[in-house]
Amino acid sequence: MKKVFFYTAWLFVCAILQPTLMQAISICGISANLFLIVVVSAGLLRGKKEGVICGLIYGMIFDLLVGRMIGVNALLYMYMGFAVGVLGEKFFSNPGCMVAAGVTVSAAVASGLLYYLVCSMVWGNISLFTGVVRIVLSQALYSGFAALLLFSLIRATMRMLNMSILA
């Protein structure tokens, strides 16, 4: 029950802040991806199983709120949650904010490149410079900075609810 409350609460926070506050503080139309930050945090702190479930649900909600193609981000976030969960279980015993920021940047770059590939297949020729350098890398860096701020808050919420963290 604690897990359901935790993920539902963070889902509401992300669903409210992503299309409103994050768009208001965007830089040149680029904003941090709160949904991906929570998925990465779930994978790092709780493992691959919760990373996959969280990624699938959060990705679908992200697609419904701000996405262009329904289901693409759900699949991407599911795979990112799995990959980060495997990394968290194998390599990071007690990840800190810097680890979370680095993994978030890596996950944002990977999911952004795959999303760019899908968009270029669906809509045709999209400029490589615009798609990768201007949008994907900028959003990844912005998300990494936001992860520095949010990761400790997510971990504190887990501890407050007495949820076990991978160690």
Side-chain angles (χ1 to χ4, degrees), residues 1-15 18 31-67 69-119 121 131-132 135-167:
M1 191 65 185
K2 294 182 287 188
K3 292 191 288 190
V4 172
F5 176 75
F6 171 79
Y7 289 116
T8 304
W10 275 103
L11 183 64
F12 280 122
V13 168
C14 292
Q18 186 70 44
S31 63
N33 191 339
L34 299 178
F35 288 91
L36 186 61
I37 293 170
V38 175
V39 170
V40 166
S41 300
L44 276 176
L45 295 173
R46 301 283 294 169
K48 62 186 171 196
K49 182 180 176 186
E50 286 193 29
V52 166
I53 295 168
C54 180
L56 184 64
I57 293 170
Y58 277 51
M60 186 56 76
I61 300 298
F62 182 79
D63 279 337
L64 292 173
L65 288 176
V66 294
M69 294 181 286
I70 305 298
V72 174
N73 282 312
L75 289 174
L76 290 175
Y77 289 6
M78 181 184 71
Y79 290 127
M80 290 304 131
F82 178 77
V84 170
V86 169
L87 284 175
E89 290 174 356
K90 299 281 186 202
F91 298 112
F92 303 117
S93 62
N94 191 12
C97 292
M98 293 300 287
V99 170
V103 172
T104 300
V105 168
S106 301
V109 167
S111 65
L113 289 174
L114 290 171
Y115 191 82
Y116 168 77
L117 179 68
V118 170
C119 286
M121 285 190 301
V132 175
I135 297 172
V136 172
L137 294 179
S138 301
Q139 186 179 30
L141 291 174
Y142 201 1
S143 295
F145 178 72
L148 282 174
L149 303 173
L150 281 179
F151 184 74
S152 59
L153 186 60
I154 292 169
R155 187 193 324 217
T157 308
M158 282 184 179
R159 286 189 177 146
M160 184 178 71
L161 293 172
N162 294 325
M163 293 173 64
S164 63
I165 296 173
L166 292 177

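Values reported hereafter were calculated over all heavy atoms of this structure, with side chains retained and with hydrogens, waters and symmetry mates removed.
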Could you tell me whether a side-chain N or O of [X] sits under 3.5 Å from a main-chain N or O of [Y], the two making a donor and an acceptor?
X      : Y     : answer
Ser143 : Asn33 : yes
Asn73  : Gly59 : no
Gln18  : Val13 : no

Give me the atom names and distance for the closest heavy-atom approach of [X] to [Y].
X      : Y      : value
Leu36  : Ser111 : CD2-OG, 4.0 Å
Gly51  : Val39  : O-CG1, 4.1 Å
Val99  : Pro95  : CG1-CB, 3.9 Å
Asp63  : Val72  : OD2-N, 3.3 Å
Thr104 : Ala147 : OG1-CB, 3.6 Å
Ala140 : Val109 : CB-CG2, 3.6 Å

Any side-chain heavy atom of [X] within less than 4.5 Å of one from [Y]?
X      : Y      : value
Ile53  : Tyr7   : no
Leu45  : Arg155 : yes
Phe151 : Ile37  : no

Can you tell me how far apart [atom1] ([X]) and [atom2] ([Y]) are? Round to the nearest 0.5 Å.
X      : Y      : atom1 : atom2 : answer
Met158 : Leu153 : CE    : CG    : 11.0 Å
Leu117 : Leu113 : CG    : CG    : 9.0 Å
Ile61  : Leu56  : CD1   : CG    : 10.0 Å
Lys2   : Phe5   : NZ    : CZ    : 12.5 Å
Lys48  : Leu87  : NZ    : CG    : 11.5 Å
Ile70  : Phe62  : CD1   : CZ    : 11.0 Å

> Does the side chain of Ser41 pick up a donor-acceptor pair with the side chain of Arg46 at under 3.5 Å?
Replying inline: no
> Are Leu148 and Met98 close enough, and set up right, to give a side chain to side chain contact (heavy atoms under 4.5 Å, CB included), and what steps lead you there?
Replying inline: CA-CA 7 Å; Leu148 282 174; Met98 293 300 287; 3.6 Å; yes
> Parallel, tilted or perpendicular: which fits the ring planes of Tyr58 and Phe35, with parallel below 30° and perpendicular above 60°?
Replying inline: perpendicular
>> I'd like to know whether CE of Met69 has more than 12 heavy-atom contacts from other residues, nucleotides or ligands below 6.0 angstrom.
In response: yes
>> Is it true that, when you exclude Tyr79 itself, more than 12 heavy atoms of the residues, nucleotides or ligands shown sit nearer than 6.0 Å to its OH?
In response: no
